[in-house]
Asker: 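Mind looking over this structure? Questions follow.
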Amino acid sequence: MRQALTWKLLAREWRSGELGILLLALVLAVSVVVGVSSFVTRLQSALLSESARFLAADMVVVSRTPLPAQWLAEAGQMGLLSSEGVGFPSMVVADVDHMALVSIKAVSAGYPLRGALQWSAEPYGVLRSGGAIPQSGEVWLAPRLFALLDVGLGDEVIVGETSLTVSGAVRSEPDATTAVFGFGPRLLMNTADIEATGVVQPGSRVEYRLLLGGASNAITEFTEWVTPQLEQGQRLDSVEGSQPGIATTLERAQGFLLLAGSLAVVLAAAAITLASRRFAERHTQYVAILKSLGAQSHEIAQLDGRSLFWMGFAGTVIGCGIGWGLQELFIRLLGALLPVEPGAAGWQPALIGAVTAGVCLVFFAWPPLRRLGQASPLRVLRADIGVADVQRFRDFLLGGVSIIALMWWYSGSALVTAAVITGLGVVIGLGFLAARLLLSGGRSVGGFAGSIWRVALAGLQRRGRANALQMVIFAMAIMLMLLLSVVRSSLIGQWQSQLPADAPNHFLLNLAPEERPSLEGFFDNHDIASETLYPMTRGRVVSVNEAELPKWQEVEAEGAPRQREANFTWSDQLPRGNVLLAGDWWPADSEVPWVSVEEDFAEDIGAKVGDRLAVRIGADTLEVTVRSIRSVDWQSMRPNFFMVFPRAVLERFPGMYMTSFRLLPEQKPLLNQLVSVLPTVTVIELDIVIKEMRSVVDQVARALELVLAVILMAGGLVLISGVRSSLDGRLRESALLRALGARRGLVLGALWIEFLVLGGLAGALASVGAEVAAWGLQTQVFEMTWAPTPLMWCLGPLAGAVIVGALGVWSCRRVVRVPPIVLLREV
Amino acid sequence: MIKVNQLLKTVPTADGDLTILRGVNLEIAAGASAAIVGASGSGKSTLLGLLAGMDVASAGEIWLDGECLSTLNEDERARLRAEKIGFVFQSFQLLPALTAKENVMLPLELAGVPDAGGIAERFLAEVGLESRLEHYPTTLSGGEQQRVAIARAFAREPRILFADEPTGNLDTRTGERVIDLLFDLNDRASTTLVLVTHDERLAERCDDRFAMTAGELSGP
């Protein structure tokens, strides 16, 4: 067939509207895939920058000894930006009456390489950021140090052997959570003044940090170069490992976004399959007429092949455009919340969109069209000649395999793919089983039912195969929507429960037993909520079942048992937030030397329930038996301990107390009072860390909502396509019923029942599939605890019935509005 | 022009093979008109489908303008239809997305005939639809749709024209007008016309009349 004629026929087919439906499905599919994947790509880059912000760099070399100058030079040669820092705890003195233990951080030009250092000219003044660090000879103090030291701007403070001028207040550092040098409030100074202080001597507790920033390949190159040279006490901190809590949050968010993208691919495939199925069905007569007029099979195949190619091309181009617009809209909606400008999405999302369109067209749209070319021209004489199966099992199999491959490529996770595919497999298997039962059972029920039910059930049975397929596709779409909603809710729920609004935000250590009443009085007077006071003793496990454990540095093999030093406490009950994994808790007031061990710690020392441990506390050795193994929620912001003993066992050892408490921002100055009342205690301020974590969670949660909304929209569109795919048959039958004198109520009622039954069943199947997939995702991918979602079991069938019922009846509304003769002529 | 020898058509059913045509013999001269009459289910349309090369016989031979259909494959039979055969169907079989003119142009375009538009306009004028060129089938009456189908069938100037119950979906008066038109065009183009009908008045206007009864053909 000549090219010009192909175009002409294509243009005429386009006018018929059938191609338009297919193109629309294709455009929607590509837009959703491109939109979600470019949004995810850009968000990932933003989240990565966000992680880098917590490190103030892309990578940090941390060392207890000064770093070789050659490392700095090498980093420069590799094109990396760098900045050096030194951290240590020290006393700062304003005058004989005012001195404080502070956490000193000295920084050099360029700090921070990522994120922003915020400061102000006065303790609680206007925030500034951008480029500045304390000049040589100057220091910036944490706001509460001004009151503690009774100093103001321009005053001198003494650090070690040198005197420095207070020139500003340090308000927030990007790496405050990762660069902790001791527990006191921050004093920021310039590295140029370090030598003059004379504080940093061989053997002193100092941390040297080399901050590096640059292209990821340069970072990788430097990592490979420096790793073999690292000695004891030296390590590399990278973005991934910088902040376990935030890293987990970001990792899970990323998993969720990739999951959403994969679901978009499946929904896109479903929409295209439905549209092409309808296209093929409506195209049969067209092909028969063309053949009766002398068109040959290969000419028709060529025409359809070209049509599909150009449609795929147009669909991909338009879809990429819309998808790009969609992600741009998301980024703008989210813009105010994003801490950094998200990077470019690149070509990958467009490629994913194009491949999705190609795969769907080749495996789902092309096979039925190719077979149409072989349709008998006899159909023009005999309308009763059936249409060859428009889609065959082999097509679905090939298409299914290619979609799995696409999902895998897209999500980069076999586990995510497997969980979703398992859920979908359950839906498909149960769906066809249910359809079979319903369709055979429906007839016997229908016999006894009233006329509306009889018509509805007869309709369900007559289109048995088509209904089964439709129900399975409805179920798949609903399942994917339910799944994403459930995973989103549990992710956000988990994040919020990690950081409840009333979480303690300060730790207090080194409280002497006799100071307890003073502290409790202070908390009472100022209405400060605190956790229980835990006694704390430091000790070391030296042997398990009489076998002596090697010292830490003597063990080379990863994961081999070794001695570990840890904080011990005593408690007569299981500490809050801990979960017993093995064994049980001892009775109150037990004097038996039991111990409860944290699970990772138990693994490190190679201990299990019933084992006998030798524990060295100071000069004493204590023999104890492991009574239980516990898991501990390290992100709970409560005091947590590796080893817990009965009170009577540990009480005789000298120890200090610790607790955590919550201070509101306006109560912050109370810390100075607390430290003056109890000068020996150490306070760790975590309020900044918590604030940062909460802001990350908020941003990520908002992004998840947006992506969920898009997927819900895509799912809704699949449902609409599903309803439309069976529209012709339903319209024809309903028009016939009306022509035979059926009342409007009967026709509408029967349609309602038919779609409600299909939707309700699809919803029920979807709940089963979603639960299975959610279990897989939550336990295997997100490493969260799984709990069944009873709400989904009610909501799934209900939502399925209501949405599919309403969509179905709405799509068929013409049947009661237009005279039946008009409809019969049209369809 | 058309010669049929011992044509047999059986189709498989759940209860075994069902014989639809039992040894049909037929000969129609070039330029003649022939009617095949018979009751519903007698096998008329099956015979027409076989004669037009849209279906394959179980046994026997069909010769069309010197070519033996049973030796041609599906694509060769399609080429034969494109070159030599025109069709008029009971249910018109117009493409709903195409205008009247485009429906007539379609077979011309498929055969690569230049100026398909001009030819289509001329034939539509001949069937009295010059004012309906850009109308879509759904906006035309049954009679008008069948006239478009007739224009489409004659536009390619086929050697043979098959008509399957051409008045079956039309009222008597419209049917008569359509038949007048069909015979008029047929006479002018000297086409061989084969009609399948159960309308005896229509059959009487043909040169030859064959009767189909339970798969067997008798006459003329």
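In what follows, chains are A, B, ... by sequence order, proteins preceding strands, each numbered from 1. Atoms considered below: every heavy atom in the structure, side chains included; atoms not considered: hydrogens, waters and symmetry mates.
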Asker: Out of B:Glu102, B:Glu74, B:Arg156, which one racks up the most heavy-atom pairs below 4.5 Å with chain A?
Answerer: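 Winner by heavy-atom pair count: B:Glu102.
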Asker: When the ring planes of A:Phe309 and A:Phe313 are compared, do they come out parallel, tilted or perpendicular, using 30° and 60° as the limits?
Answerer: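 Rings of A:Phe309 and A:Phe313: parallel, as their planes differ by under 30°.
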Asker: I'd like to know whether CZ of B:Arg132 has more than 12 heavy-atom contacts from other residues, nucleotides or ligands below 6.0 angstrom.
Answerer: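 More than 12 within 6.0 Å, yes.
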Asker: Can you check whether B:Leu98's main-chain N or O pairs, donor with acceptor, with B:Asn103's side chain at less than 3.5 Å?
Answerer: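 Looks like yes, one N/O pair under 3.5 Å.
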Asker: Examine whether an atom of B:Glu165 lies under 4.5 Å from a heavy atom of chain A, and if so say whether it belongs to the side chain, the backbone or both; otherwise answer neither.
Answerer: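 Contact with chain A is absent: no heavy atom of B:Glu165 under 4.5 Å.
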Asker: Among B:Arg77, B:Lys3, B:Arg79, find the residue that satisfies the salt bridge (charged side-chain N to carboxylate O under 4.0 Å, His left out) test when tested with B:Glu67.
Answerer: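 Filter result, single survivor: B:Arg79.
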Asker: Side chain, backbone, both or neither: which part of B:Leu94 has an atom under 4.5 Å from a heavy atom of chain A?
Answerer: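 The backbone, not the side chain.
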Asker: Looking at chain A, which one of B:Arg152, B:Gln90, B:Glu76 has the largest number of heavy-atom pairs inside 4.5 Å, strictly under?
Answerer: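 The answer is B:Arg152.
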